[in-house]
Every structure is written in C-alpha cells, then in structure tokens.
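Take a look at the structure set out below.
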Amino acid sequence: LRMFNAQPVLTYLQPCCISLKIIRSMLTYGFEDISVHLPKSCLEAILNMSVSQLEHRLTISDLPVCQLYDEYLLVIIKVLINVQEKFPEFFGQYIVVALEFAYKVGFQYAEMLEMRLVARALHLLSGIMLCETYDVFKLNNRGKNVSSVSIKFTEDRNSFFTEDRLKDMCVKCISKYLKLSEFELRNWQESPEEFAFEETRHVSLFNIKAASEHFLLNMTATFQDIVCPYIVELIKECSQHDRSNLETVLMIDSIYSVTVICSYDLFDHIDIDGWFSTLVEELAQESPYCSILRRRILEVVGRWVTIKLSQDKHPAVYEVCLQYMAASQDLVVRLTAASALKAAVTDFAFYPPSYSPYLDVTMQLLYALLREVEECESRVKILEVVNSIIDGCGKQIVDFVDPLVGWLPGLWGVATDHAMLQSQLLTTARKLSRCLGPMSVKLYGFTDPVLKYVLTQDPEMILLEDGIVLWLQLLENAPCSTPSFVQMFEWLYPLLQLGSDSLKTSLLIIECTILLDPPAIISRYGTGIVSACVTLYPEVVGEAKVLINNILLAVIKTVPRDQWPDLTPLLHVLLKNLDEFSDYSKVLTTNINVLCYLILLDLTYFNNLIASFNNKNLLKNILEIWTSKAEHFYQMEQHKLSMIALLTLSTYNPDLVSHHFVEIMKLIERAVGKCTDVDDKGSRFDCILRKHSSPDDDFITGGETEDYKRRKILEAADLIAKMDTITFLRAKFAELRQAVGPELFTKLSQGVDREVTDKLSNYLA
C-alpha cells in the first residue's frame with residue numbers, strides 16, 4: 001500500500017474492507033472452535049497488520065483515502081471485539097497486541113482519527129478489562145477454578161494497564177472526551193431545553209462521550225485502588241483553579257462529571273458530607289461561566305444524595321435545588337436542579353414530613369417551569385418531578401395541587417402530537433386522584449373529555465392502557481356516581497373484545513362501577529355485562545375468571561332479586577366448567593361462593609337452574625367437588641358462607657345428604673372451628689359476628705379509597721355478618737334431623753369420624 005498513490009490505495013482498500021467484513025462474520029458465526037488452523041491464521045494475520053496499517057494511515061493526508069482507511073481500521077476493531085466476546089479464552093493469547101492497538105487508536109493517535117473509530121477502540125479496551133477470563137480476582141470471587149492460563153492472561157492484562165498508563169487514560173478521557181465541546185456550548189445557548197437532556201441520550205457505541213463514560217466506569221471498577229484515589233486528587237486540585245477561565249471551568253466540569261459516572265466505585269473514596277459543603281459554597285460563586293459549574297454540581301448532588309449523603313444533609317439539598325430552580329437562574333441550571341430534586345425525593349430514605357416546609361415553594365417553581373418551557377420533552381421531565389413529589393409526599397400535597405389541576409387541560413391541548421407527554425399527563429392525573437381521594441372530583445373537568453378521546457377516538461390506541469388505569473383510579477376514589485361514569489360504561493365493551501393486556505383492569509372497572517351505582521348500571525347495562533362475560537369466560541384463564549365471578553357476585557349482592565338481569569347464560573357456562581378448576585383453588589372458591597349466594601338468596605332459582613341442565617347427577621357432582629375442595633378456602637368468611645349454604649341446601653334436599661353426609665359433617669366442623677372462638681369465660685362466640693356487630697371506626701370508614709369503604713359497608717351488610725354461627729347450626733341441625741328422620745340421622749352419624757362428632761357435639765352443647 002505504501003507504494004501506491006491515492007487512487008490505487010482506494011482501489012485496494014475497498015475490497016480489503018469487504019474481505020474483512022466476510023472474515024468477521026465467519027470468525028464470529030462460522031466456527032465452534034476458532035483455534036483450528038484456518039480461523040487462527042486469519043486472526044493472527046489481522047493482528048499482525050493492525051498496528052502497521054494504523055501507522056500507515058497516519059501518513060496519509062488525502063481526505064477520501066483517510067475516510068476509507070478509517071472504515072478499514074474500524075472493521076479490524078470490530079473483528080477483535082467479536083472474537084474477544086465469543087472466544088475469550090482463545091483470544092487471551094493475543095490480548096497484549098490487541099490492547100496496544102486499541103490504546104494507540106483510542107488515546108495515542110486519537111486526534112488524527114475519526115471519533116467513531118476511537119469510540120470502538122475504547123469499547124475493545126473495556127471488553128478486555130471486564131472479561132473475567134482475564135481476571136483471577138473475579139474468578140475467585142465467583143468460586144470458579146483458576147487455571148494457569150487465566151493467571152497468565154491476568155498478568156498480561158495487568159502488565160499493560162500500569163499505574164502511569166491508567167492515569168494517562170483517565171486524564172485523556174476527562175480532558176478530551178468528556179469535556180463540553182464548542183458545539184455543545186453553542187447548543188446550550190441556542191436550545192437550552194434540548195441541551196439539558198442531551199447527555200441522557202448518549203447510548204450509541206459510536207458516540208465518543210458514551211464510550212468514554214463506559215470506559216471510565218469499567219476502569220474505576222477494575223482498577224479501583226489506582227484510579228479512584230487519582231480521581232480524588234484531581235477533585236482536590238480543582239479548588240486551586242481559576243473559575244474565570246473557560247478552559248479551566250470545562251476541565252473542572254469534566255472532573256466533576258466523573259464523580260457522577262463512577263459514583264458507586266468512588267463510594268469509599270469521597271467524603272461526600274464534607275465535599276457537599278464545599279460544593280454549596282462553589283454554587284454561590286459568581287463568574288462568567290458559573291452556569292456550567294452550577295449545572296454539573298447540581299447533577300453531582302442529585303447523584304450522591306441517593307448514595308451516601310447523610311440524612312441530616314437532605315434539607316440542605318432541598319434548599320439548594322429550590323434556590324437554583326428560581327426564574328433568575330439559567331434555564332439549563334433550573335432543569336438540572338429539578339432533576340436533582342427528583343432524585344432527592346425518590347431516595348429510599350426520603351422522609352415526607354421533613355419536606356413539608358418546602359412543598360409550597362416547590363410546586364410554585366415547578367408550575368413556573370411548566371409555563372416557561374416550550375418543548376414537550378421538557379414538560380415530560382418536569383411532570384416526572386411533580387409525580388415523584390406526589391408519590392413521596394402523599395396527601396401532604398393536597399393543598400398545593402389546584403394550580404396544576406388548572407394547568408392540565410392546557411397542557412393536554414399542546415400535547416396533541418406528543419404521545420409521551422399525553423401519557424405523562426394521564427399518569428399525573430392518576431397520581432393526583434390517588435392523592436386527592438374523594439376530592440378527585442376536581443379532576444373531572446380534565447379527565448372526562450380526555451378519557452373519551454383516549455378510549456374512543458385515539459386511532460393508534462397508544463394511550464389505552466394509561467387511560468383505563470386512570471379510569472379505574474377515578475372510580476376507586478369517586479365519592480358518588482356521576483352521569484359521566486354511567487355513560488363511560490358503554491366504552492368498555494369494545495375494550496373487552498380486544499382481549500388486550502388491560503383486560504384485568506377492564507374487569508375491575510366493571511366491578512367498581514357496579515359497586516358505585518348498582519341500580520343505574522345493572523338496569524342499563526346488566527344484560528350487556530352478562531353477555532360480555534359469557535363470551536369471555538371460555539377464552540380467559542385463572543385470574544380473569546376470578547374477576548368475572550366477582551362481577552357476578554357484585555350483581556347478586558348489590559341489588560334485590562327482582563332486579564337481577566338474566567344470569568342463566570353465565571351460570572350455565574360457570575357450572576359447565578366447574579370441574580375444570582378443581583386444581584385451581586381461587587377460581588373454584590369464587591365459583592362456589594356464587595352458588596352459595598344463589599342458594600341463600602333464592603333457593604328456588606338455584607333449583608330451577610340445576611333442573612335446566614337435564615342432568616340428574618349435576619348436583620351430586622357439584623357437592624363432591626364442593627366438599628372435597630373446601631380445604632382450599634382461605635378466609636373464615638368463606639368457610640362460614642359455605643357451611644350456611646350447604647346446611648340450607650341439605651334441609652331442603654335431605655335425600656342428597658345421605659350420599660355425602662360424612663363429607664358435609666367434616667366441612668361443617670372445619671367451618672365452625674375456623675369462624676368461632678372461645679372467650680375468657682369459656683363461651684363460644686362467632687368471630688365474624690363480633691367483628692361486624694361492634695366495628696371500629698376503621699372498619700366502617702377506613703381504607704385508602706372510597707371503593708374500599710363501599711366494599712366494607714357491603715361486607716358489613718352481608719347475611720354472614722349478621723347470622724350467629726352457633727344459633728344457625730343448632731336450628732339447622734334440628735331441621736336436618738327432622739327432615740332425614742332421627743333413626744337415619746343417628747345411623748349416618750355413626751359413619752362420621754369420632755373426633756368430628758365430638759367437636760360438633762361440643763359446638764352444639
């Protein structure tokens with residue numbers, strides 16, 4: 001290649017690049033064992049010419065040739081990266097040559113090469129650094145065998161990464177790759193909102209800043225004892241630098257950025273409590289370039305507050321963040337301060353009462369930011385901060401959300417073409433509803449038209465899941481029904497037909513809406529609900545079937561018998577599939593609960609339902625499943641309900657009792673034992689009856705949502721909450737003895753286990 005002028009070099013480099021790409025694919029995907037002669041010789045040839053080709057590239061000044069040569073070198077690096085990742089043990093014998101080549105590209109001659117080539121060289125260095133095959137310490141920590149080969153590889157790697165070389169790479173990363181460029185500084189001035197969130201987008205392997213951050217992170221983790229103390233030295237030296245010089249400020253900014261990137265590895269090396277005081281003083285300093293340092297210091301504070309900063313320093317963090325969110329500050333600094341504040345309030349050690357004094361000013365500053373920013377992405381980030389504060393502070397935020405509630409419709413209006421902002425607004429409304437509780441009525445002016453759009457007019461249905469989760473949250477917190485909630489119910493049917501991932505939420509919405517306004521919903525939509533559930537029941541599994549059963553129970557329990565819709569089609573489906581769930585206790589339990597309430601609320605209806613199947617053995621099969629699976633009941637209310645329903649059915653159909661007498665007696669004994677107890681005087685009492693006969697305030701009015709209260713009130717009004725177990729048991733046993741006949745009853749009782757009869761006799765005494 002040295003013998004040709006520019007045009008022949010172009011002629012030869014193009015087929016060389018293509019050949020290398022083919023070799024790369026073959027080495028990576030074509031061989032299970034790369035140590036055989038042909039692939040090994042190919043790799044050795046590539047490695048042998050890599051450095052010489054790099055040196056020749058440095059002698060060329062013709063731009064088209066340089067670009068093609070860089071592409072050629074890039075493919076060489078890709079070959080080395082792929083082989084090292086897939087065949088680390090085989091590649092170990094070449095790591096010295098590979099490291100020398102990558103170091104020359106990434107550091108020694110980086111200024112003369114394309115940055116994407118430099119970025120990939122840093123990636124190769126990181127891969128070798130991280131590979132446990134070349135690290136005896138990692139192998140020992142993971143309990144793996146350490147071979148002599150691994151020891152040799154580790155020695156080769158460590159002999160390359162000397163202390164001087166590590167420090168040199170660290171300085172070059174900080175001073176060249178992490179430093180804010182002229183383009184970034186210009187972007188800061190021209191488009192501050194875009195710049196404020198630009199660094200979070202550095203994810204490409206070809207981006208030099210992302211590659212250098214990744215490399216520094218791996219270097220501090222692998223050579224912590226050398227690199228971390230050196231970084232701390234650099235930080236200490238920053239205090240001596242002149243803040244009025246732009247280059248110096250940019251260098252300090254880069255050094256501080258390392259403490260964000262490598263924070264976990266620097267944990268034991270930085271006294272953040274002591275440094276925090278210095279940083280606060282530095283924030284207050286005025287200079288021509290103070291905004292650059294303020295932005296970075298706030299980023300450092302936001303990072304370390306979640307890692308190591310003492311709890312007693314947190315109020316100072318809040319004050320610093322709020323101070324630099326003020327309108328007098330640079331917009332980039334304000335947005336960075338908001339992000340730091342978000343980190344502080346989402347920290348696991350966040351203590352909401354300590355933040356109460358700052359809530360008012362926080363919300364004012366965030367509202368001011370929302371009004372000032374123009375980009376939708378900026379609004380999304382600010383709303384994320386608002387949501388974090390709502391989550392962290394809970395109901396303390398109630399007095400400060402009215403301005404935000406008023407701003408939501410306007411924000412939705414400007415978010416027409418920005419699905420991410422729309423999604424964030426729905427999330428904010430949901431969190432506000434959870435926080436406001438019954439005061440969520442303040443949100444209806446925003447949520448009613450928005451939900452109508454999301455659920456009926458959104459052509460791509462991107463926001464569907466967010467929309468129905470918000471709908472459910474509003475229902476759970478609604479103090480009473482509204483015409484909008486009743487009207488919204490029509491929008492559910494198309495959603496159920498989709499069978500989407502949000503089916504569970506849709507079924508919960510049906511149940512919550514029924515509990516919110518039973519007469520209106522059941523009279524208007526009862527038939528449609530039954531029809532939809534009949535269609536869904538055979539197609540869904542497990543939890544969805546439980547939710548459908550809960551909807552059926554809500555219908556049965558919330559309106560009088562004469563207002564029930566025609567439940568026969570759904571009950572037919574339920575009974576036909578009853579034996580399919582004998583191994584899935586929760587579905588079976590809710591199925592039996594439905595049958596129990598049918599028996600107790602309208603025994604004639606239940607008998608007619610059984611007769612409609614024209615199957616004489618159906619009731620017998622039901623009882624076999626019922627009695628054999630009663631042990632799956634996990635609540636004492638279910639045991640009591642099952643016992644009461646079974647005794648009611650037994651006294652009506654005594655002939656059936658003789659076939660299942662032993663199982664029925666076991667079920668009754670177990671149920672009485674579960675739902676009764678003995679007081680200090682030795683008297684047996686009904687635990688459920690006592691709980692509901694003198695409930696505490698929390699039982700009637702407690703809970704996090706209005707829906708919880710409605711369920712508790714319904715539970716307190718349930719017949720099992722009003723019926724004394726022992727009294728009912730005595731009455732029904734007397735009826736059963738009379739219905740069966742004393743002689744047959746005594747004879748049947750003799751077949752029951754002695755322990756069971758003794759316990760029942762004790763209960764009836």
Side-chain angles (χ1 to χ4, degrees), residues 575 578-600 603 606 610 617-678 684-689 719-720 723-765:
L575 289 173
L578 189 63
D579 58 343
E580 294 181 11
F581 311 112
S582 57
D583 294 326
Y584 192 87
S585 59
K586 202 164 186 180
V587 175
L588 182 64
T589 298
T590 52
N591 283 346
I592 292 174
N593 286 351
V594 171
L595 299 180
C596 289
Y597 278 104
L598 290 177
I599 292 169
L600 296 175
L603 184 55
F606 175 80
I610 298 299
N617 295 320
L618 177 61
L619 186 56
K620 179 182 176 182
N621 295 338
I622 291 173
L623 285 176
E624 287 178 355
I625 296 173
W626 186 343
T627 54
S628 64
K629 301 298 178 179
E631 61 186 23
H632 290 167
F633 299 162
Y634 56 90
Q635 292 179 335
M636 61 180 176
E637 287 84 359
Q638 290 175 315
H639 283 282
K640 182 174 180 178
L641 175 65
S642 177
M643 179 200 68
I644 293 173
L646 199 52
L647 279 172
T648 301
L649 183 63
S650 298
T651 54
Y652 176 83
N653 193 344
D655 292 338
L656 197 63
V657 174
S658 59
H659 295 92
H660 301 281
F661 190 83
V662 174
E663 292 81 5
I664 291 173
M665 291 301 109
K666 286 182 180 179
L667 186 150
I668 293 170
E669 182 275 322
R670 184 188 298 113
V672 176
K674 294 281 186 181
C675 61
T676 65
D677 204 349
V678 179
R684 185 164 292 277
F685 64 90
D686 189 318
C687 301
I688 300 171
L689 185 64
L719 55 89
I720 65 170
M723 188 179 296
D724 181 69
T725 298
I726 301 300
T727 303
F728 178 84
L729 185 64
R730 288 169 180 164
K732 285 300 178 182
F733 256 71
E735 290 181 27
L736 186 59
R737 180 185 292 272
Q738 184 176 358
V740 175
E743 294 183 5
L744 181 57
F745 188 86
T746 302
K747 182 178 179 181
L748 292 172
S749 299
Q750 292 173 353
V752 181
D753 186 79
R754 180 64 179 270
E755 183 180 357
V756 174
T757 57
D758 288 347
K759 287 183 179 180
L760 285 174
S761 299
N762 183 42
Y763 297 152
L764 294 169

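Residues meeting the ring pair (Phe, Tyr, Trp, His ring centres under 6.0 Å) test with F733, sequence neighbours left out: none. Residues satisfying the side chain to side chain contact (heavy atoms under 4.5 Å, CB included) test with F685, not counting sequence neighbours, are D677, D679, C687, R690. By the salt bridge (Lys or Arg N to Asp or Glu O under 4.0 Å) test, E735 is found to be paired with K732, residues two or more places apart in sequence or in another chain being considered.
Residues L619 and F606 are in side-chain contact: their nearest non-hydrogen atoms beyond the backbone lie under 4.5 Å apart. R737 is listed as a side-chain neighbour of T746, based on a closest heavy-atom distance under 4.5 Å. Using a 4.5 Å heavy-atom cutoff, the side chains of Q738 and F745 are not in contact. Side-chain contact between M723 and L689 is absent, with no heavy atoms from C-beta onward closer than 4.5 Å. The closest side-chain heavy-atom distance from D753 to T757 is not below 4.5 Å. For the pair S650/F661, no side-chain contact is recorded, criterion being any heavy-atom separation below 4.5 Å from C-beta on. Side-chain atoms of N762 and K759, non-hydrogen and from C-beta on, never get closer than 4.5 Å to each other. L748 has its side chain out of reach of V662: every pair of non-hydrogen atoms, C-beta onward, lies at least 4.5 Å apart.
The CG atom of D724 sits 10.0 Å away from atom CG of L729, with the distance rounded to the nearest 0.5 Å. One distance of note links CD of E669 with CG of D758; it measures 10.5 Å at 0.5 Å rounding. Atom CG of N593 is separated from atom OG1 of T589 by 6.5 Å, given to the nearest 0.5 angstrom. Going from atom NZ of K620 over to atom CD1 of I610 covers 15.0 Å, rounded to the nearest 0.5 Å. The line from CG of L595 to OG of S642 is 10.0 Å long, rounded to the nearest 0.5 Å. Here CG of L588 is found 8.0 Å from OG1 of T590. Values are rounded to the nearest 0.5 Å.
Annotation for Y652: atom OH does not count as buried by contact number, only 12 or fewer foreign heavy atoms lying within 6.0 Å.
For the residue pair D686 / T676, no side-chain donor-acceptor distance below 3.5 Å is found, with atom types taken as modelled.
Residues T725 and M643 come closest through the heavy atom pair CG2-CE, 3.6 Å. For the residue pair W626 and C596, the shortest heavy atom distance occurs at CZ2-SG, 3.4 Å. Taking every heavy atom of both residues into account, L667 and T627 meet most closely at CD1-CA, 4.1 Å. Minimum heavy-atom separation, I688 to C675: CD1-CB, 4.0 Å.
K640 contributes a side-chain N or O that, together with a main-chain N or O of I720, makes up a donor-acceptor pair within less than 3.5 Å. The backbone N or O of T648 sits less than 3.5 Å from a side-chain atom of T651, completing a donor-acceptor pair.
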Begin with the C-alpha distance, continue with both residues' side-chain angles, and end with the deciding distance and a verdict on side-chain contact (heavy atoms from CB on, under 4.5 Å) for I625 and N591. CA-CA 11 Å; I625 296 173; N591 283 346; over 6 Å; no
Carefully, step by step, assess L647 and I668 under the rule side-chain contact (heavy atoms from CB on, under 4.5 Å). CA-CA 8 Å; L647 279 172; I668 293 170; 3.4 Å; yes
Can you check side-chain contact (heavy atoms from CB on, under 4.5 Å) on L646 and L623, steps first, answer last? CA-CA 9 Å; L646 199 52; L623 285 176; 3.4 Å; yes
Do Y597 and L641 pass the side-chain contact (heavy atoms from CB on, under 4.5 Å) test, and can you show the C-alpha distance, the side-chain angles, and the key distance before you say yes or no? CA-CA 8 Å; Y597 278 104; L641 175 65; 3.4 Å; yes
